[in-house]
Amino acid sequence: MTLEIQNVSKKYDRNKYGLKDFSLTINKGILGLLGPNGAGKSTLLKMIATVSTPTQGNIILNKNNIVKDANYMRKQLGFLPQDFGVYQNLNAFEFLKYMAAMKGVGGKNLNTKINQLLNGLNLMDAAKKPIGSFSGGMKQRIGIAQALLNDPKIIIFDEPTVGLDPEERVRFRNLISELANDAIIILSSHIVSDIDTIADEVAVMKNGTLITKGHQDAIIEKVKNKVFEISIAKENYQKFKEQHIVISTNRKTEKLLVRYISDQPVENSIQQIANLEDAYLYLTKAS
Ligand SMILES: Nc1ncnc2c1ncn2[C@@H]1O[C@H](COP(=O)(O)OP(=O)(O)OP(=O)(O)O)[C@@H](O)[C@H]1O
Ligand SMILES: [Mg+2]
């Protein structure tokens, strides 16, 4: 199973591109799509999900051009849009039944399937409650459940962990990992910790273009031996920030503990083990 995005552009306005000449090949497993706000993540995912069409370029799934043959994608797609709205008056069970009917999913196993999903997403207690009464995290989880009703082979989740508490994040991770043997899964986020423990590969994008794609280790390699920590006086921080890529600061009583990236560390810095967050911030801030 292969999904090829070939030189895809999306032009929203005369001078406004959501995506620009973007190419990426995606194989089975979990791809984490990382990028700051406005990078073009949703623009890309909507085109893969065939709810938006490229201005230019092609998207090929297993040799089928889905820009021309959207149904080929739709038949095997599970999609959670970023702005997923739900029907407030239906309860969770009714809503999944409704979505199943719209997707043409039926059969005698449907109720079992719905119960499995409600269980897997910890919504069993809420099965008979109207969705209008759900918390944000519960709404997000029912959105995830509807995307999985048809046992999709291409699963696209745009910011799936928004609103999920730590316990639900772990549950989500486990659920997704189980599906990854047999499907292409794309998860977007602007928060590294949402995807770093789960993604087989990571793609980093910014300004509608791909900055890098690969295994996490290969991406981290880009900042290897460049991450340092130093304690500086608060009044010196502004100047320091202008000269280095700062990853984080930690307020101590008198001083600031600063984690930063540099080819030429200042005196008394202590080298740190680089992680994906360092690499992500380096790649999206520096370029
Ligand atoms: N319908 C639209 N009309 C005009 N411009 C748009 C439209 N949708 C998105 N854009 C612009 O395209 C760019 C990419 O937006 P997109 O929503 O794809 O980013 P994103 O990476 O998903 O961001 P976020 O993390 O905030 O969800 C942004 O500059 C955005 O303003
Ligand atoms: Mg988005």
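Start at 1 and go down the list; that is how both ligands and their atoms are numbered.
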Same apolar cluster: Leu110 and Leu123, side chain cutoff 4.5 Å: yes
Ring-ring centroid check Phe157 Phe79, cutoff 6.0 Å: no
Close approach of Glu159 to ligand 1, heavy atoms, under 4.0 angstrom: yes
Atom indices of ligand 1 within 4.0 angstrom of Ser42 heavy atoms, with elements: 17 (O), 18 (O), 20 (P), 22 (O), 27 (O)
Member of Leu24, Leu19, Asp21 meeting the side chain to side chain contact (heavy atoms under 4.5 Å, CB included) criterion with Leu210: Leu24
Atom 30 (C) of ligand 1 [closest protein heavy-atom partner, distance rounded to 0.1 Å]: Lys16 CE, 4.3 Å
Part of Met205 with heavy atoms under 4.0 Å of ligand 1, whether side chain, backbone, both or neither: neither
Contact check: Lys46 vs ligand 1, nitrogen or oxygen atoms, below 3.5 angstrom: no
Identity and distance of the protein heavy atom lying nearest atom 15 (O) of ligand 1: Thr43 OG1, 3.8 Å
Atom 12 (O) of ligand 1 [closest protein heavy-atom partner, distance rounded to 0.1 Å]: Tyr12 CE1, 3.4 Å
Ser52 and Lys10 side chains, donor-acceptor separation under 3.5 Å: yes
Identity and separation of the nearest protein heavy atom to atom 19 (O) of ligand 1: Gly40 N, 3.2 Å
Residues Asn7 and Gln56: side-chain donor-acceptor under 3.5 angstrom: no
Expected output: side-chain Ser177 to main-chain Arg173 donor-acceptor under 3.5 Å: yes
Mutual orientation of the aromatic rings belonging to Phe228 and Tyr260 [parallel < 30°, tilted 30-60°, perpendicular > 60°]: tilted
Lys206 side chain to Thr284 backbone, donor-acceptor under 3.5 Å: yes
Protein contact to atom 23 (O) of ligand 1 [nearest heavy atom, distance to 0.1 Å]: Gly38 N, 2.8 Å
Shortest protein heavy-atom distance from atom 25 (O) of ligand 1, along with the residue and atom involved: Lys41 NZ, 2.7 Å
Atoms of ligand 1, numbered as shown, that sit under 4.0 Å from any heavy atom of Ala39: 19 (O), 20 (P), 21 (O)
Nearest-0.5 Å distance, CD of residue Glu4 to CG of residue Asn27: 8.5 Å
Aromatic contact, Tyr98 with Tyr87 (centres under 6.0 Å): yes
Within reach of ligand 1, part of Pro36 (heavy-atom separation under 4.0 Å): backbone
Angle, OG of Ser42 through the Mg ion (ligand 2) to OE1 of Gln82 - 10° precision: 80°
Identity and separation of the nearest protein heavy atom to atom 26 (O) of ligand 1: Asn37 ND2, 3.1 Å
Ser188 N/O/S atom closer than 2.8 Å to the Mg ion (ligand 2): no
